[in-house]
Every structure is written in structure tokens, then in C-alpha cells.
Amino acid sequence: MTDTTQRADYLIIGAGMAGASCAFFLAQHGSVVLLEREEQPGYHTTGRSAALYIESYGNAAIRALNRAGKPFFLNPPKGFSDAPILTPRGSLTIAETDQLDALDAVRAELAETTTGLEIVEGQRLLDLFPAIDPEKTVRGLYDPNDMDMDVHALHWGFIRGMRDKGGRLVTDADVGGMTRGGDGWIVETRAGTFTAPVVINAAGAWADEIGKMAGAKPIGLIPKRRTAFTFDPPEGLDPDRLPAVVNVNEDWYVKPEAGRFLGSPADETPSLPTDAQPEDLDLAIAVDRIENATTLRVGRFHSRWAGLRSFVSDKTPVVGFEPGLEGFFWLAGQGGYGIQTSAGMGITSAALARGAALPEEVASQGLEPADLAPGRPSLADAAYFTD
Ligand SMILES: Cc1cc2nc3c(=O)[nH]c(=O)nc-3n(C[C@H](O)[C@H](O)[C@H](O)COP(=O)(O)OP(=O)(O)OC[C@H]3O[C@@H](n4cnc5c(N)ncnc54)[C@H](O)[C@@H]3O)c2cc1C
């Protein structure tokens, strides 16, 4: 360690939505430095999402985190954001004749936790989404609860709020190595050396790589590529008032996006951690599925991209200290839910990283620290868990 080493109480690696939300809630309890490799903190998965809040999406732990964070999204602190974080959108899950059993199963599952669901057919289906092809789609399940999220406002609200409380964002700070010394972790980056008793690993698809640098056991994280693109609506159709539409098999979806449609084949192709790019085949598959099931015609892509949704075997995020490795804290495995769970995950991670109990907003949703802990049995049992 040299005289130029910069000290903090908490170093957070990765300034995507996970790191930023943790930093926001932690900054009132100690000094925080948020280290980001890229010039822009939203460059990777956070800046590539579909920006949906679907309260019923994900397993029980994810749904608990969704619910725990919703009050924050609806009523963030004064000055957090000029724009609302959530705006009503609604969603329509659609089925062809041979998919009606699958739609019934989705309805039965959602009905346990969701109110306001409506089975729609015929003219009502077309009124909700005029580009449905009635020759193909016979029934839909409308959920009025789903919302659009303003990802940029949320992400920068967290970062600005952290700065207001004295925290620092350091970009172009690629963490290349770390060691544990007498005073805590010493973390080497392009932007200098930093030290803190607690390091929080919020490195998205790279979380297992950061774990390896620290000498932690891998959590078996698998980044999975998902492709998306935007395209123009047909003449006379205003997408903005329409719900998101997803096929009941979840093998494609479209959602309104700033006057256009966003489409995706809902792909989940395992990938190395990397700057993901869309593959022509995935784009072609999405176009084919969307054009087969609807009267939409993609024509040309207005924009196209891919991002990595990173999962562990049980699809629940990993939040907690690595057993036997003092001061090394995981905040990884946000999967396809890292935007909508961010407030719930932020309050959870900020509490657990300072050794506090799970906040009441989260505990009251039935979640316990053991459900998220890195040493939990469901991770150790995973087929691809490696020692
Ligand atoms: C197409 C698509 C659609 C999606 N739709 C939704 C949706 O509708 N709703 C939803 O909730 N979620 C959605 N998601 C998932 C969501 O985007 C992610 O769960 C979330 O963005 C993950 O955030 P993160 O902070 O963990 O990762 P990231 O945003 O990837 O941030 C991790 C950061 O760590 C940094 N980093 C890595 N290694 C280092 C290092 N060595 N040193 C310093 N920094 C490092 C990276 O540069 C990166 O900025 C979607 C994802 C995709 C791809």
C-alpha cells in the first residue's frame, strides 16, 4: 500500500444497477467508492434491458424483492428523479389454439399473487393489441399491473444520490487484482489503488472473475445472451398506448418503446462475460416468430443490441459475505430482473454488507438472508457448480 492509496469503508466493483443501488443505500452509513471499468456506468447489461417491471416475474425470492422495492419506485426521495420511475403499461400473454393449456397454467400461477387478471378473446383481444393475428392467436391473458421503468432516471438517481451523501463514482477503473492485507482489501485498478475493509462484488457477468481474483469459491454464474431490437410501427398504429405482448411459451415478445416497438426472441444463449453483440440468426428468429404471430412487419431494424442476463443455478441473486473470506461480499446473479429488483436488492445488500439485519420491507415479504447467501445448498448442488 502506498501514500496514494485511497481509503473507504466500502469499495463496490461495478456501477451497473446492482452496484449503484447498493451504493445509494450504503452511502449514508459510511464512505463508499464505486469502481467502474467502463467510461459509462450503464454500458453493459443495465443499459440494454427491456425496462419492464413485472411484479409476478421470477421465482419467489425475485417476486419478494420486486414487492419490497416497489414503494421506493413509486415514491422515491425528493430530488431523486424528475421523471416517474414506473409508468403503467400492462401486458398481454397470448396463446394459439394448441397453447391454451399453457395459458391456463400461467393464469393459475399468477392468480395466486396477482389481482386484476383478465382472460381476453375476440374483439377485446384486438382492442387491446390491434396487431394480433386473429387467425393464429385465439386467447390472451391481460395483466394490467405491469409497468415500464425509466432505467436511466433510476440508475442516475442512485448514482447522484450516492454522490450527495459523499460517495464517489470512479470510472475507467478496471479492477485487475486484489489482496487482503491487515487493514482490509487492497484493490488495484487503472485509476489507482483503493483499500477498504469490505469489497462488494457487483461486477455483473464478471462476478465470478472478481471472485476468483479474491480467492472466493465460484458461485457458478452463467451469463446468458439476450437479443433485442427496435422497429417502426405500421402506419396509423400508436404503440405507446398498447401493452407489452409475450407469447405464452416466452419465445418472443414485443413492447412499445418510445413510439416504436422493441422485439426480442427471448433467447438465453450461454456466453462468456463479454461485450455481447446481437447474432444475425437470433435477430432472424425473432422477426420470423413476431411476423408469424402478429400482423407487425419488422422491415428494417431501427436499433439492435444484445446483453448478458447472468444467472446462478437456482435463479436467485447471490447476496452476502463469502464464508471464510473476511470482508468479501457478493451482489451477483441478477438474471433478467436486475432493474425491477434493484430497490429491494439495494436495501438488502446495504444492510447485509454492514452486518445489519434484513430490513423490515424485505423480511416482511418472507425473504431470509439464507435464501440469498453464497453458501446456500441450492448453489452447491448445482450441476455446473465448480469448486
Ligand atoms: C435484453 C435484456 C432485457 C432485459 N429486460 C429486463 C427488464 O425488463 N427488467 C429487468 O428488471 N431486468 C431486465 N434485464 C436484466 C437487467 O438488465 C440486469 O439484471 C441488470 O442490468 C444487471 O445489472 P448489474 O449491475 O448486475 O450488471 P451490469 O449492468 O452489467 O453492471 C456490471 C458492471 O460491472 C463492471 N465490471 C465488470 N468487471 C469489472 C472490473 N474488473 N472492474 C470494474 N468494473 C467491472 C462492468 O463494466 C459493468 O458496468 C434485461 C437484460 C437484457 C440483456
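Counting starts at 1 for both ligands and their atoms, in listed order. Computed from a predicted model, the values in this text were never measured in an experiment.
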Which ligand 1 atoms, with their elements, are less than 4.0 angstrom from a heavy-atom of [X]?
X      : value
Pro41  : 49 (O)
Gly204 : 26 (O), 27 (O), 32 (C)
Ala173 : 42 (N), 43 (C)

May I ask you to check if ligand 1 and [X] share an N or O to N or O distance below 3.5 Å?
X      : answer
Asp174 : yes
Gly19  : no
Ile13  : no

Assess the pair Phe301 and Phe231: is the distance between their ring centroids shorter than 6.0 Å?
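When the ring centroids of Phe301 and Phe231 are compared, they turn out to be at least 6.0 Å apart.
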
Quick check on the 6.0 Å ring-centre criterion: do Tyr53 and Tyr337 meet it?
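No, the ring centres sit 6.0 Å or more apart.
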
Could you tell me if any non-hydrogen atom of Gly335 lies under 4.0 Å from any atom of ligand 1?
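The answer is yes, since Gly335 has a heavy atom less than 4.0 Å from ligand 1.
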
Should one rank Glu38, Met17, Glu36 by closest heavy-atom distance to atom 46 (C) of ligand 1, which comes out on top?
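It is Glu36 that holds the nearest heavy atom.
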
Given Ser49, Gly336, Pro273, which one has a non-hydrogen atom that is nearest to atom 12 (N) of ligand 1?
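Minimum heavy-atom distance to atom 12 (N) of ligand 1 goes to Gly336.
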
Less than 4.5 Å apart, side chain to side chain, heavy atoms only: is that true for Val138 and Leu100?
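They are in side-chain contact.
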
Does only the side chain of Arg309 get under 4.0 Å from ligand 1, or the backbone, or both, or neither? Count heavy atoms.
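Answer for Arg309: side chain.
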
